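See structure below.
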There are 2 protein chains.
Amino acid sequence: MLVLITYDVSVTTDAGKRRLRRVAKQCVNYGQRVQNSVFECLVDPTQFAELKHRLEAIIDVETDSLRYYFLGNNWKNRIEHIGAKTAYDPEGVLMI
Amino acid sequence: MLVLITYDVSVTTDAGKRRLRRVAKQCVNYGQRVQNSVFECLVDPTQFAELKHRLEAIIDVETDSLRYYFLGNNWKNRIEHIGAKTAYDPEGVLMI
């Protein structure tokens with residue numbers, strides 16, 4: 001199943017940038033980074049449980065927000081892209 | 001139906017920040033801003049066509065990216081949130 005993961009973190013601090021890099025690193029094990037803080041992960045329920053556990057250990061729940069959107073197995077018809085196709089560093093190292 | 005809209009723009013420039021504000025302003029007419037550049041819009045097909053047309057007139061297709069995710073009518077079971085619930089200004093004016 002495809003799980004879309006969106007992550008909101010303040011990248012005005014070095015700690016925030018580091019958390020974003022760490023979240024990206026986990027997510028790209030299961031999929032791809034499609035925007036700066038948007039990840040599409042192809043996982044089965046066990047993998048999702050593991051990924052979720054790891055992500056929630058990284059984020060700061062007081063300041064950051066993480067949303068999961070479950071797009072199921074027929075996700076290909078559910079996505080449309082407009083504009084630039086940004087190539088993100090697969091290591092998740094992003095300078096902004 | 002719920003359409004999730006994610007928008008990637010460089011906010012290091014004033015023009016980019018302005019485009020993000022304009023995208024937010026359009027999206028919040030139909031829903032809410034759930035993260036900095038993530039919007040959940042409740043629209044029928046006609047409204048979505050209008051919104052899409054407006055958004056694509058705002059963005060710079062050379063540098064920005066816009067993704068639509070169609071979550072259908074049974075979207076409530078498809079979303080999970082973890083962490084901070086950030087209150088975004090409904091006018092879409094966001095300082096970062």
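Letters go in sequence order (proteins before strands), and every chain restarts at 1. Quick caveat, the model's predicted, so the values are computed rather than measured. Below, each value reflects all heavy atoms present in this structure, side chains not excepted, and no hydrogens, waters or symmetry copies.
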Q.
With heavy-atom distances below 4.5 Å as the criterion, would you say the side chains of B:V38 and A:R67 are in contact?
A.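 Not touching, per the 4.5 Å side-chain cut-off.
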Q | residues 69-76 of chain A: residues contacting chain B (heavy atom under 4.5 Å, by number) | A |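 Within residues 69-76 of chain A, the residues that come under 4.5 Å of chain B (heavy atoms only) are A:Y69, A:F70, A:L71, A:G72.
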Q.
Sort by residue number and list every residue of residues 53-62 of chain A having at least one heavy atom under 4.5 Å from chain B.
A.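 Heavy-atom contacts from residues 53-62 of chain A to chain B are A:E56, A:I59, A:V61, A:E62.
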Q: Please report the shortest heavy-atom distance between A:S65 and B:A84, naming the atom on each side.
A: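 Heavy atoms of A:S65 and B:A84 come nearest at CB-O, 3.1 Å.
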Q. Looking at CZ of B:R78 and CG of A:L4, how far apart are the two atoms once the value is rounded to the nearest 0.5 Å?
A.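 Rounded to the nearest 0.5 Å, the CZ-CG separation comes out at 12.0 Å.
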Q. About how many Å separate CG of B:L66 and CD of A:Q35, when rounded to the nearest 0.5 Å?
A.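 Spacing of CD (A:Q35) from CG (B:L66) equals 7.5 Å.
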